[in-house]
Each structure stands twice: as structure tokens, then as C-alpha cells.
There are 2 protein chains.
Amino acid sequence: MDRGIEKLARVFKVLGDYNRLGIVMVISKASRTVTDIINTTGMSQTLVSFHLRALRKAKIVTTRREGPFIYYSLVNPSLMDIIDELSHAISNSDPDKENVPETVSSRGW
Amino acid sequence: MDRGIEKLARVFKVLGDYNRLGIVMVISKASRTVTDIINTTGMSQTLVSFHLRALRKAKIVTTRREGPFIYYSLVNPSLMDIIDELSHAISNSDPDKENVPETVSSRGW
DNA sequence: ATATCATATGAGTAAGCGCTCATATGTGCC
DNA sequence: GGCACATATGAGCGCTTACTCATATGATAT
């Protein structure tokens, strides 16, 4: 069992969830409060907290407390670039959708 | 539900398995026979086939038949670069291992 | 101290996932 | 055709995962 690959696979797995990926995108530009994430994504408080725990455990996000608020941000901001690259890579290589592929980072988040 | 993100999450999820990630790495340099993959990874034939199905369905790999052999290769070879980038990104950003982090692509595969 | 807002946690559940076993399909050779 | 090799497939099973509910913790203000 290669430890490096195992760890890498774990990061992929954590990112391999629609809601979690959404959270990562929300906090990718700037650090965000949990309430921010709740409002932007529309998920329930508990669900957001649940996924944030997974992202914390995988060391993908960090927290900074500021009064009653907790700000979440990416441990490594370049992660978002990698996500974007992957997004491009997959939209280039499957032609079974006819509309122009929307880049992930082109949304309002 | 954003379709682009959903699809991206699905690719992440498929890559988020130790065995599958191993297969991707095996075939990343050059296309490989199923038997090659079996021998290189040490997995059982059924298990390799099982994971190859998932990788096919996610359009991460393609096949080319040559006689009785089926060669598997990455649909988009740049995927391996992205995997490597992510590998570096995570090994840079957690200092709780003291030994020099081994790059994924530095193994013999 | 109590109330309120912000966030986290533990238990429970249903669905999904990884794996194995047995078997099927496909290809080339005799 | 029949055999050997290469690969795929369907069913079944246990473990993990995503989610919700209820509740707990932490911070601030009154």
C-alpha cells in the first residue's frame, strides 16, 4: 500500500462530492463564514457543518475564528486552479454535450 | 444542481479510490493491457475489470482492441499532470510527515 | 445568568460502493 | 468444432458514506 497514493486518493474522494465541491468553490476566492456558505449553497446548517468536518479532516480547509464567526478557507489556494484544470480537461474530452461547456469558475461564487 | 459541478464531482469520486488511482497511473505513460495492469498492480482479474468499468463509464479511460488484448489508455493524458499537481499541492501543505515526500510519478510504474 | 446567534457533534438510517464468486463473452489456434 | 487465453458481467454481501434529527458548545450582549 503506497501511502502517498492512498492519501491522494483520499483527497480525491473528499472532493468527489457535489456538496463538498460546491463548498470548496464558495471559499476558494476568499475565506467565508459558515453562514455565508449556508446562504450561498442553500444547504442546511447541519449538512454544511457535516461536510466542513470532512474537509477539515482531509486538511483541505482551515479555520480562523473571528468573534462568533468561523471563517473557512482553502489550506492551499492553488487547489482551485487544479480543480479548474480538471474541469477543463473533462469538458474538452467528451463531446456528448452540445452546449458550450461552462467553466466552473465562471459562476458567481 | 449544477450539471458541470456534478460531473466534475463524479470524476473526482471515481479517482478517489486507491486501486483506481493506481490503475490510472499504470496506464498514464503508455496504454496497457488488462493483464499488464493485473501484473503491475497485483489485483485480481475481476477486481481490475471491475474498476476499469468504472473508469470507462466516467470516460476517464478508453480502450483499443488488438487481437485478444484490450489496451487501456487515458482519454486525456494531461489528467496525469493534474494528478501530479494535486499530489504536490497536498504534500506541500501538511507538515506532519517528516520524510521527503515522494512524488507520485517518481515510482516505477 | 439568560437569551440569542453561530457552529459543532453523536446517533440513527438508507443508499451507495468496493469486493468476491461464479459464469459469460470474445479471440485465435489446433 | 473444441480448447486455451483474455476480458467482461451479474448477483450477493459487508462496509462506508451522505444525510437528518436532536442536542451541545461557544461567543456576545443585555
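Chain letters run A, B, ... following the sequence lines, proteins first, then strands; residues in each count from 1.
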Under 3.5 Å: donor-acceptor pair, side chain of A:S28, backbone of A:M25 = yes
Distance in angstrom units between A:M43 CE and C:dA6 P, rounded = 18 Å
ask   = Knowing that exactly one of A:I27, A:I60, A:D17 qualifies, which makes a side-chain contact (heavy atoms from CB on, under 4.5 Å) with A:L55?
value = A:I60
query = Can you tell me if B:D36 uses its side chain to pair, donor with acceptor, with the backbone of B:T33 under 3.5 Å?
reply = yes
message = Using whole Å, what does the distance between atom C1' of nucleotide C:dC19 and atom CG of B:L52 come to?
response = 15 Å
request  = Could you tell me the separation between the CD atom of A:E66 and the P atom of D:dT28, rounded to a whole number of Å?
outcome  = 11 Å
ask   = Between B:F69 (CZ) and D:dT7 (P), how many Å, whole number?
value = 6 Å
query = Can you give one letter per nucleotide of nucleotides 18-24 of chain D, 5' to 3': B if a protein heavy atom sits under 4.0 Å from the base, S if only from the sugar-phosphate, - if neither?
reply = BBSBB--
remark   = Per atom distances to the B:R56 side chain, the nearest of D:dA6, D:dT9, C:dA6 is D:dT9
ask   = How long is the line joining CD1 of A:I38 and C1' of C:dC5, in whole Å?
value = 12 Å
message = Please evaluate residues B:T41 and B:H51 with respect to the criterion side chain to side chain contact (heavy atoms under 4.5 Å, CB included), reporting the C-alpha separation (whole Å), side-chain torsions for both, the decisive distance (0.1 Å), and the verdict.
response = CA-CA 12 Å; B:T41 63; B:H51 284 305; over 6 Å; no
ask   = So what does B:T35 touch, heavy atoms closer than 4.0 Å: a base, only the sugar-phosphate, or nothing?
value = sugar-phosphate
Donor-acceptor pair between B:Y18 and A:R10 side chains, under 3.5 angstrom = no
key: Protein-nucleotide distance (B:I70, atom CD1; C:dG28, atom P), rounded to Å   = 11 Å
query = Does a side-chain heavy-atom distance below 4.5 Å link A:I90 with B:V75?
reply = no
ask   = When we call it a touch if two heavy atoms are under 4.0 Å apart, what does B:Y71 touch: a base, just sugar-phosphate, or nothing?
value = nothing
task = Grab the CZ-P distance between B:R64 and D:dA6 for me, whole Å please.
result = 17 Å
key: Side-chain N or O of B:R53 closer than 4.0 Å to phosphate OP1/OP2 of C:dC17   = no
Integer-rounded Å distance: D:dT17 P and A:L15 CG = 14 Å
When the side chains of residues 63-70 of chain A are checked against the rest of the protein, which donor-acceptor pairs come out under 3.5 Å, sequence neighbours left out?
unit_1: A:R64; atom_1: NH1; unit_2: A:E66; atom_2: OE1; d: 2.7
unit_1: A:R64; atom_1: NH2; unit_2: A:S31; atom_2: OG; d: 2.5
unit_1: A:R65; atom_1: NE; unit_2: A:G67; atom_2: O; d: 3.3

